2 protein chains.
Amino acid sequence: MNAPFPEPARKDGPRSLHQRILADIEGAILSGAWPPGTQIPFEQDLAARYGCSRMTVNKVMTRLVAAGLIERRRKAGTFVRHPHSRSAILEVVDVRREVEGLGLPYGFEILRRVLRRSTEAEGARLGLDAPVDLVEIASRHFAARHPFCLEERLISLKAVPEAAAESFGDLPPGAWLSARVPWSTAEHRIRAVGADAPVAAALMVPRGTPCLRIERRTWSAREPITLVFITYPGERHELVARFAPG
Amino acid sequence: MNAPFPEPARKDGPRSLHQRILADIEGAILSGAWPPGTQIPFEQDLAARYGCSRMTVNKVMTRLVAAGLIERRRKAGTFVRHPHSRSAILEVVDVRREVEGLGLPYGFEILRRVLRRSTEAEGARLGLDAPVDLVEIASRHFAARHPFCLEERLISLKAVPEAAAESFGDLPPGAWLSARVPWSTAEHRIRAVGADAPVAAALMVPRGTPCLRIERRTWSAREPITLVFITYPGERHELVARFAPG
DNA sequence: GAGTGGTCTAGACCACGAT
DNA sequence: TCGTGGTCTAGACCACTCA
């Protein structure tokens, strides 16, 4: 879990030294070259490597801590943080926590799991140039034995080959992915929809019931990882986000 | 538009010097003591004021720039930035831009405007200890002469006394507020709802139509500013947010 | 106890841009 | 032109925490 020095990112671009160091380290983390838990070289070593003073490296590290990409412990060193969310809107992907946060027992069930090639429409949604192999997983999350939400997910096997061999019997795909794959960008699209027949059946509500539907796409350095639709039944479910300006 | 030195925030708390400086300046901006456009004292003056080196002040300023609270121009100085949004989820409050971004002509109409005292339920929602005077405004936004969304808003006159005299005939309340009041925290709650009778009438859709409803609350340094519900009809409307980890 | 990060200094030179 | 921010140095001391 130790990292060598980061590969210099691009020769062009960054004017200042600390911007270059920042780009190198950020690149190593977001590309997956330094997966979560990796120990980053010490400030002194990085300073020597870049031929600069410790202060310059420290400024970069301070920014990375503020950005939530790394955590630091005195004497122990600096480590790549595990993926995390910044707002409740993002935490929705960990449905288990959401349910348990309500004080309800959590349940989980796989409805469908298929290995196949991406269709043209999916390729467009995922921003693909050419079709890729993927896993399609439909699953249901329960709270106190009642359907809580429906999850329909595609995982690109080009980005995450291990997903082909995973049954997701124990760990829901969202949690499995977030523990394994670092991501650089995510996009949410949130809509109100009326339940169509399959959704109504899965969630056990009348057809036409207003549902909150979240589409989430995740990339790692331009490579699409996953596309997921999560559908919550009825008017009770709320998505909450808190912000500060900047 | 020039600022004196910032008032020290609290005597307790912040351990390190640059944390104290950060808290002071951030406090001055978010409290409204330094409104947008205010010129902040020069680095050298702040360093002298706090009895520290310029480097220490600079570290704070760099963080404030990264946070988007200030902008800096060589030779000119450092200024408090005008309020801005970080994601499309926040930009939703400027419905006009949203509509014009679709290439459609924008329209706006006030349905109701009432000066009154807050009810108990509203006080709870706003996090008030005691009732306050407020303005209640219902308005409708149009795209290409079709109802685009319904806006139901409360503005606290304790936080924004000028709102009592404002008719909102020209400028929608959202735009009026964001140009005037700095905010420190906002909270969104997003739900799917079926249109009830008044909503169905205002948006000209059948009752029960799934609608996306956003509740947005905004505070300035613990003082509630506004509570607004925005309801979009049907399944076509999407809320989009893009994130990077950290 | 020793090594790490946390913080800070008192300078320095440069580039930009307002005047 | 020349004052401002942008960047960087080569040290320093301290506190925490792991071994």
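What you are looking at is a predicted structure, and each value in this text was computed from that prediction instead of being measured. Letters A, B, ... mirror the listed sequences (proteins, then strands); counts begin at 1.
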- Message: Quick check against the 3.5 Å criterion: does B:Gln39 have a side-chain atom that pairs as donor or acceptor with the backbone of B:Ala76?
- Response: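 Yes.
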
**Prompt:** Is it true that a side-chain atom of B:Thr226 and a backbone atom of B:Leu154 form a donor plus acceptor pair closer than 3.5 Å?
**Reply:**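 Yes, the answer is positive, given that a donor and an acceptor are paired below the 3.5 Å cut-off.
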
Quickly work out the [X] [atom1] to [N] [atom2] distance and round it to whole Å.
X	N	atom1	atom2	answer
B:Arg63	D:dG6	CZ	P	16 Å
A:Gln39	C:dT4	CD	P	10 Å
A:Met61	C:dT4	CE	P	13 Å
A:His18	D:dG5	NE2	C1'	13 Å
B:Asn58	D:dT9	CG	C1'	14 Å
B:Phe42	D:dC2	CZ	P	17 Å
A:Leu46	C:dT4	CG	P	12 Å
B:Lys59	C:dT9	NZ	P	11 Å

Once base and sugar-phosphate atoms are separated, protein heavy atoms under 4.0 Å mark nucleotides 10-19 of chain D, 5' to 3', with B, S and - as B-B--BBBB-

Taking the six-membered ring for Trp, are B:Phe148 and B:Tyr232 parallel (under 30°), tilted (30 to 60°) or perpendicular (over 60°)?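 It falls in the perpendicular class, over 60°.
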
Is the distance from OP1 or OP2 of D:dT7 to the nearest side-chain N or O of A:Thr56 less than 4.0 Å?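 It does not, given that no N or O in the side chain of A:Thr56 lies less than 4.0 Å from OP1 or OP2 of D:dT7.
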
With a 4.5 Å cut-off on side-chain heavy atoms, are A:Ile25 and A:Leu69 touching?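 They are not in contact (no side-chain heavy atoms under 4.5 Å apart), so the answer is no.
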
Within a 6.0 Å radius of atom CD on A:Gln44, are there more than 12 heavy atoms belonging to other residues, nucleotides or ligands?
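Open: at most 12 neighbouring heavy atoms sit under 6.0 Å from CD of A:Gln44.
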
If a pair satisfies side chain to side chain donor-acceptor pair (under 3.5 Å) and one of its residues is in residues 164-176 of chain A, list it, with sequence neighbours excluded.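 Sorted pair list: A:Glu166-A:Trp176.
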
Nearest to the side chain of B:Thr78, which nucleotide is it out of D:dG5, C:dG6, C:dT4?
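So the nucleotide nearest the side chain must be D:dG5.
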
